[in-house]
**Student:** 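So that we are looking at the same thing, I have put the structure below in structure tokens.
Just so we're on the same page: letters track the sequence lines, and every chain starts at 1. Heavy atoms only: backbone and side chains are in, while hydrogens, waters and symmetry mates are out.
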Protein chains: 2
Amino acid sequence: MESTRDRILFAALELFGEKGYLSTSIADILKAAGANAGSLYHFFPTKQDLLISVLETYRDGIYPMLLAPAWEGVDDPIEKVFALLGRYRAMLEMTDCLYGCPIGSVALELHEPDPPVRELLAVNFSGWAGHVRDCLDAASGRLPADIDRGKLATFVLAVMEGGVMQSRTHRTLETFDASVEMLRDHFNRLQADARS
Amino acid sequence: MESTRDRILFAALELFGEKGYLSTSIADILKAAGANAGSLYHFFPTKQDLLISVLETYRDGIYPMLLAPAWEGVDDPIEKVFALLGRYRAMLEMTDCLYGCPIGSVALELHEPDPPVRELLAVNFSGWAGHVRDCLDAASGRLPADIDRGKLATFVLAVMEGGVMQSRTHRTLETFDASVEMLRDHFNRLQADARS
DNA sequence: GGATCGCTTGAACGTCCATTCAAGTCATGC
DNA sequence: GCATGACTTGAATGGACGTTCAAGCGATCC
């Protein structure tokens, strides 16, 4: 049995991802969760507090909800990076290029977020990039020694977010695929250069 | 002498870039433009029509307002690409990583934009990437022959948008710089591989 | 000098939305 | 069986926002 608090939290998580934070009204969330205003405000003093809990849920879910399923049966650390990108592709495909990365959406729709919100967005980005970096570290022998793997992980995240943004705008997977293909080309060259 | 229509249009252009479309109220625009509601609605039947005009202004301004100044004194076509990225860096730096790319912001904050809006966002992306592609074509002799320069331009745009997004969120230029540095590394390898 | 038309004025309107609150339910501990 | 405190109910509130409109201004044309 799911608690009222959880129904509200997950309804918000879904709606913030689908329609964005600003465009989602409290009434939307209440209807989706089957709850009343008083219950919501009992658990979450303001809409922003609800957003914070949603962002914490995303943060805590990066591994179990996103990476673990993406990496099932994938051992090669570099393939793990591309399997992760494949998850975003699948999400775009399933939703006709409507939903991409919820963190990226909120990050750009709130232009001057209050510090706790901004920090949680940053933490989500750092967590994602940190896991990619771990993959790159695990593959360090196959990459040029002088390459900064932290920066490379940041780069991977940038490509993902920028690819998702373009695909959502053009409503085609083409731009996302093109970005990932170019990233793959870069990794091929990095590995070739590491060998020689 | 600037017409009232233009004052409203440019006030909107600036505010949409600074605070986003949804977070900018008509009252904000009126105050910034020193105009009255009736005047605004005389020229722009709805807020969305105003957004459309703003996006058309951006589209028409890509070359004269963005590329021309970025490319002053830069002849090498590959350096032009990085000079363009340098403009975004300068914008981030000037605003303490608050304002990035207005098109990207609006693209992510409107989750299901009406078709005319979505198409204008797409046109802005295509225009930007098209100019980058022209640079790459001009440098085609220095790049591997089998590389798809259209996809590479899309990739550059993705890196820019993803880098801007992370820098705005972390409030540091570090992530943007890291992304551009990795892109530069990729271009170096592309050119080295084209030579051999 | 009067009619026309593009533009301006700014108060008013209606809707939506985040938030509040007084009253109620129900399990737990005493 | 009563008191307590956690949670629920849903109507009410007040403010913000996009939009409307009746009235006015001033230049141009006849």
**Student:** I need the CG-P distance between B/Leu22 and C/dC17, as an integer number of Å.
**Tutor:** 12 Å

**Student:** Please confirm whether B/Phe187 and B/Phe82 have ring centers closer than 6.0 angstrom.
**Tutor:** yes

**Student:** Side chain of A/Ala37: nearest nucleotide among D/dT20, C/dT8, D/dA11?
**Tutor:** D/dA11

**Student:** To the nearest Å, give me how far apart CG (B/Leu30) and P (D/dT20) are.
**Tutor:** 14 Å

**Student:** Just grab all the side chain to side chain donor-acceptor pair (under 3.5 Å) pairs involving residues 68-83 of chain B, residues at least two apart or on different chains.
**Tutor:** B/Asp76-B/Arg142, B/Glu79-B/Arg184

**Student:** Please determine, for the side chain of B/Tyr41, which listed nucleotide (D/dT19, C/dT8, C/dT19) has the closest atom?
**Tutor:** D/dT19

**Student:** Figure out the CG/C1' separation between B/Asp49 and D/dT19, and round it to whole Å.
**Tutor:** 13 Å

**Student:** Atom OH of B/Tyr21 to atom C1' of D/dC17: distance rounded to whole Å?
**Tutor:** 12 Å

**Student:** If you only use heavy atoms from C-beta on, which nucleotide in D/dT8, C/dT8, D/dT19 is closest to the side chain of A/His42?
**Tutor:** D/dT8

**Student:** Name the nucleic acid region contacted by A/Ser39, choosing base, sugar-phosphate or nothing; use a 4.0 angstrom heavy-atom cut-off, strictly under.
**Tutor:** base

**Student:** So, B/Asp28 versus B/Ser25: side-chain donor-acceptor pair below 3.5 Å or not?
**Tutor:** yes

**Student:** With a 4.0 Å limit, can you tell me whether A/Asn36 has a side-chain N or O closer than that to the phosphate oxygens OP1/OP2 of D/dT8?
**Tutor:** no

**Student:** Nearest to the side chain of A/Lys47, which nucleotide is it out of C/dT19, D/dT8, D/dC17?
**Tutor:** C/dT19

**Student:** Do A/Asp177 and A/Arg89 sit within salt-bridge range, that is, some charged N less than 4.0 Å from a carboxylate O?
**Tutor:** yes

**Student:** In this structure, how many angstroms lie between the P atom of C/dC16 and the CD1 atom of B/Ile26, rounded?
**Tutor:** 17 Å

**Student:** Would you mind reading off the distance between A/Leu51 atom CG and C/dA18 atom P, rounded to a whole angstrom?
**Tutor:** 13 Å

**Student:** What is the separation between atom CD1 on B/Ile29 and atom P on D/dA16, rounded to the nearest whole Å?
**Tutor:** 17 Å

**Student:** Less than 4.0 Å between a side-chain N and a carboxylate O, is that true for A/Arg189 and A/Asp193?
**Tutor:** no

**Student:** Mind checking B/Thr24 for me? I need base, sugar-phosphate or nothing, with any heavy atom below 4.0 Å counting as a touch.
**Tutor:** sugar-phosphate

**Student:** Under 4.0 Å: is that the gap between some side-chain N or O of A/Thr4 and OP1 or OP2 of D/dC7?
**Tutor:** no

**Student:** A/Leu40 CG to D/dG10 P: how many Å, rounded?
**Tutor:** 15 Å

